[in-house]
Amino acid sequence: MNRTLDRVLGILFGLLALFATGVMISKNWQAFLEICPITDLLTWDENIRLTAVYDQFQDYRDGKIWRATLPFLEAATWPPLRPIFSLLLLASPGEWPITWKDSFLGLAFYALCFPSIIYIVSRISGSLLFGSLVSIFVLALSLHTSETPAYSLSSMLETQGMFILLWVYWGLYKLYDSVKDLKPGESLPVGSKVAALVSAVLILLFFTKYPYGLLLFISIFLFELISRFPEWIGFIRFSVKVHYKGIRLLFLIVVVLLVLSLPVLRVVTDWNLDQRSFKKVLYFLTVLLFLDFNYFLYKNRKDLGEISPPSIKILYLYAILPCFIWLFTNLDRVMSLVNAQMIVNKFVRSFILSLFESPADKFPASHVFSEPWIFRTFFLFSLSAIGYWLYLNGKDKTSSPQTKGEGRIDSLLAKLQNISWPKFLKDPLFAITVIVFLQYIVIDASTGNKQLRHVFYPLPALLTILSLWSFRLIQISEKNRKFIFSGVFLFFLLWASSLFVRESGLFSQTYFSKNQFCLKGFDTAVFEPAREFAKEIDPQGKYVAFNMFHDEENFQTPGRILASEFDLLFRQKTVEKGKYRNDSKYKWKSWDEFDKAVYVGPSCELPPKVLSRAESLGITLEPIKEIKHPTGDYCFKEFRLIRK
């Protein structure tokens with residue numbers, strides 16, 4: 001196809017893709033406003049994140065700049081990127097409540113995936129038409145899934161991860177395309193912007209959600225080992241000769257095995273690894289190893305620069321190193337990640353298998369696609385395309401400079417370093433394909449928290465990369481086969497596009513009735529105690545709060561499910577003229593900024609620690625009101641602070 005026709009058809013189908021995306025935005029937001037009964041609250045994690053943003057907003061407004069900025073720097077559980085967006089939305093004009101704005105932001109990130117696919121695929125393939133068709137294909141498959149409609153209307157991080165991960169793979173494609181012909185010790189041309197692109201996209205992913213970045217780093221590292229195995233053997237030989245000897249080598253092996261064993265120990269033993277003392281030991285061991293490793297890199301930077309694979313130098317210096325520095329600067333960040341590693345939720349058997357499972361009435365859902373046969377056959381076709389390409393290119397080898405070893409072990413390593421290695425491993429499309437496959441494998445192997453949502457954020461990237469193999473197959477085929485393979489891709493495109501008009505499809509009359517849009521559910525009665533107690537809050541009051549449902553001893557009480565709702569609704573009531581902050585002996589050395597106290601808990605009897613806390617600050621709690629919810633699961637008490 002000539003370039004002009006490709007551009008004309010690409011623009012037409014690109015506009016069609018954007019039109020479908022616009023319809024999706026309109027209908028999904030209509031569903032949020034008209035179908036979902038709970039729009040003033042978010043899910044647990046989102047509520048907690050948003051309450052912190054409310055506090056920061058008030059502090060910035062009141063001129064307490066350092067106190068408002070510090071949570072961004074601490075950011076133990078959630079990276080600061082999304083809270084920054086939420087803070088800007090909270091400060092922006094408009095009548096929408098922040099829960100609406102934050103939910104719409106999730107929808108915006110999902111919608112931005114599809115113009116991004118047009119750009120990325122057209123840049124890789126050189127065809128604007130193909131980029132537009134892939135965008136339609138990915139929209140059809142990703143939208144008509146079990147949970148994407150609901151995620152698109154929440155302020156959870158899945159859709160943000162979808163959007164940024166697409167650009168991550170574009171950055172990785174550019175990187176591997178730039179270094180495929182470079183030998184160890186060689187660098188990118190002066191003026192290349194690839195390193196900056198890789199740095200930006202990988203750091204943005206890490207700052208979207210820490211596990212997203214860390215799991216991808218593991219996948220990239222595994223691919224680096226596979227693709228440049230002889231060069232890595234050279235790196236290992238040098239490391240053992242000049243640095244990792246004796247105690248250092250033993251320490252390296254022990255710490256690495258300890259970290260890698262965590263997922264295994266969680267499954268095969270009854271050991272309670274979720275203890276602060278254990279996590280502190282793990283933190284200090286890994287920090288010591290990290291510092292020693294970077295000392296080794298800096299001390300031997302000249303020699304290492306001549307033997308290290310060029311891709312890993314860019315990945316480590318511009319992305320992995322700054323992310324790990326951020327990670328290790330806060331003990332609580334590492335502890336939070338270990339906590340997440342200890343969670344076991346068996347909602348699905350396997351993230352990978354969930355991509356192929358048939359729809360069922362099971363709740364929560366264990367399948368991804370509403371029409372899994374489209375993905376099943378397309379995945380098989382894509383694997384066949386990869387296999388055919390490997391058949392054509394599998395015999396090409398790259399030879400390594402011959403070296404000799406010193407001693408038995410070093411001689412064995414030298415033989416491994418001298419072997420010829422397949423050249424196809426340096427192909428950029430093959431590289432990102434292996435990495436996205438590894439990403440699913442690593443998530444499956446390392447994560448005991450088998451919630452289906454963890455399989456969704458790489459989904460647009462997976463579908464996009466598999467689609468690119470259709471174009472690769474067309475490129476490498478003879479003329480008569482080009483038409484056949486083009487027809488096969490168009491068949492899958494039409495099959496996927498049929499979802500738009502079939503039952504539950506975007507352009508069908510059953511779109512609203514057959515899809516799940518409300519992640520918070522429909523049971524409004526569950527949240528009424530929080531709303532009723534919020535009515536008792538004085539909008540101009542300045543409250544220090546004791547929310548006992550956050551305490552460990554109340555984790556199993558019925559009221560636990562509303563712990564984050566109390567915090568959010570009470571803050572919403574006081575954000576303009578008052579103040580509402582949860583008490584912390586570490587953060588609040590005095591209660592001079594408050595004139596009232598609020599207690600919510602399972603019983604109306606104040607715990608001794610609350611009374612002793614007030615006593616230690618020279619405060620008497622004078623009761624104002626007490627409300628016991630009819631269910632008996634919640635109690636609200638308000639006090640006036642009397643300073644002695």
Side-chain angles (χ1 to χ4, degrees), residues 165 168-188 192 194-195 197-199 201-203 205-206 212-240 243-244 252 256 259-260 289-290 293-294 296-297 300-301 303-324 386 390 396-401 413 416-443 445-446 458 461 465:
L165 192 61
V168 164
Y169 278 107
W170 165 240
L172 291 176
Y173 181 91
K174 291 286 289 181
L175 172 65
Y176 287 112
D177 189 45
S178 301
V179 303
K180 62 184 177 182
D181 296 322
L182 297 183
K183 296 179 176 61
E186 296 181 344
S187 302
L188 294 176
S192 172
V194 170
L197 173 63
V198 170
S199 177
V201 294
L202 282 171
I203 289 175
L205 184 69
F206 180 80
Y212 288 177
L214 292 176
L215 294 173
L216 184 65
F217 291 159
I218 295 172
S219 304
I220 292 171
F221 177 70
L222 291 174
F223 173 75
E224 284 287 328
L225 286 178
I226 297 169
S227 63
R228 292 181 179 263
F229 180 74
E231 297 167 30
W232 276 99
I233 293 297
F235 178 87
I236 292 171
R237 289 180 66 198
F238 179 83
S239 304
V240 172
H243 190 75
Y244 287 105
L252 169 68
V256 170
V259 173
L260 293 178
L289 181 64
F290 177 72
F293 177 68
N294 284 282
F296 158 67
L297 295 181
N300 301 280
R301 59 191 180 280
D303 293 330
L304 286 171
E306 296 175 357
I307 65 171
S308 299
S311 51
I312 197 63
K313 286 192 293 186
I314 293 170
L315 288 163
Y316 187 78
L317 289 175
Y318 291 93
I320 297 175
L321 178 60
C323 289
F324 270 83
I386 296 170
L390 289 175
D396 294 338
K397 304 281 186 178
T398 56
S399 57
S400 304
L413 291 175
L416 292 174
Q417 187 179 354
N418 293 337
I419 63 177
S420 298
W421 206 242
K423 191 175 182 179
F424 67 80
L425 289 168
K426 296 181 180 180
D427 179 83
L429 179 56
F430 186 78
I432 61 174
T433 304
V434 174
I435 292 172
V436 77
F437 286 171
L438 285 171
Q439 192 175 0
Y440 275 98
I441 293 170
V442 170
I443 294 171
S446 64
I465 291 170

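Just so it is clear, the model here is predicted, and its values are computed rather than measured. We count residues from 1, following the sequence as given.
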Considering all heavy atoms of both residues, which atom of Ile203 and which atom of Pro322 are nearest to each other, and what is their separation?
CD1-CG, 4.1 Å

Is there a donor-acceptor pair closer than 3.5 Å between any side-chain N or O of Ser192 and the backbone N or O of Leu188?
no

Are the side chains of Val436 and Leu165 in contact, using a 4.5 Å heavy-atom criterion?
no

What closest approach, in Å, do Tyr244 and Leu252 show between heavy atoms, and which atom pair accounts for it?
CD2-CD2, 3.9 Å

If we only count heavy atoms from C-beta on, is the Leu222 to Val442 side-chain gap below 4.5 Å?
yes

Ser199 side chain vs Ala195 backbone, donor-acceptor pair below 3.5 Å
no

Interatomic distance, CD1@Ile226 vs CZ@Phe221, rounded to 0.5 Å, equals 10.5 Å

Nearest 0.5 angstrom please: Ser311 OG to Leu182 CG, how far?
9.0 Å

Take Leu315 and Phe217 through the test side chain to side chain contact (heavy atoms under 4.5 Å, CB included) and record every step on the way to the result.
CA-CA 9 Å; Leu315 288 163; Phe217 291 159; over 6 Å; no

Shortest non-hydrogen separation from Leu202 to Ile220 and the atoms involved:
CD2-CD1, 4.2 Å

Please state whether the rings of Trp232 and Phe235 are parallel, tilted or perpendicular, taking 30° and 60° as the class boundaries.
perpendicular

With Ser308 via side-chain hydrogen bond (donor to acceptor under 3.5 Å, both in side chains) - residues at least two apart:
none

Would Ile386 and Phe430 satisfy side chain to side chain contact (heavy atoms under 4.5 Å, CB included), going step by step from the backbone distance to the final call?
CA-CA 8 Å; Ile386 296 170; Phe430 186 78; 4.2 Å; yes

Nearest heavy atoms of Ser219 and Ile435, plus distance in Å
CB-O, 3.9 Å

I need the minimum non-hydrogen distance between Leu216 and Tyr169, along with the two atoms involved.
CD1-OH, 3.7 Å

With a 4.5 Å heavy-atom cut-off, do Arg228 and Pro310 have their side chains touching?
yes

Strictly under 6.0 Å, is that where the ring centroids of Phe206 and Tyr212 end up?
no

Would you mind reporting whether Leu197 and Val194 have side-chain heavy atoms less than 4.5 Å apart?
no

When you compare the side chain of Val179 with that of Lys426, does any pair of heavy atoms fall below 4.5 Å?
no

Hey, are the side chains of Glu224 and Pro309 touching, using non-hydrogen atoms and a 4.5 Å cut-off?
yes

Which distance, rounded to the nearest 0.5 Å, do you find between the CG of Leu317 and the CD1 of Ile314?
9.0 Å

Are there over 12 heavy-atom neighbours, none belonging to Tyr316, within less than 6.0 Å of that residue's OH?
yes

Taking the inter-plane angle between the rings of Phe324 and Phe290 on a 0 to 90° scale, is it parallel (under 30°), tilted (30 to 60°) or perpendicular (over 60°)?
parallel

Just wondering, do Ile307 and Glu231 contact through their side chains at under 4.5 Å, heavy atoms?
no

Interatomic spacing from CD1 in Ile233 to CH2 in Trp421 - rounded to 0.5 Å
8.5 Å

Closest heavy-atom pair, Asp181 versus Glu186, reported as atoms and distance to 0.1 Å, is O-OE1, 4.1 Å

In Å and rounded to the nearest 0.5 Å, what is the OH to CG distance from Tyr176 to Leu172?
6.0 Å

Gap between atom CG of Leu175 and atom CD1 of Ile432 - 0.5 Å precision
11.5 Å

Pairing residues for Asp303 by the side-chain hydrogen bond (donor to acceptor under 3.5 Å, both in side chains) criterion, not counting sequence neighbours:
none

Residues that Lys180 engages under salt bridge (charged side-chain N to carboxylate O under 4.0 Å, His left out), provided they are two or more places apart
Asp177

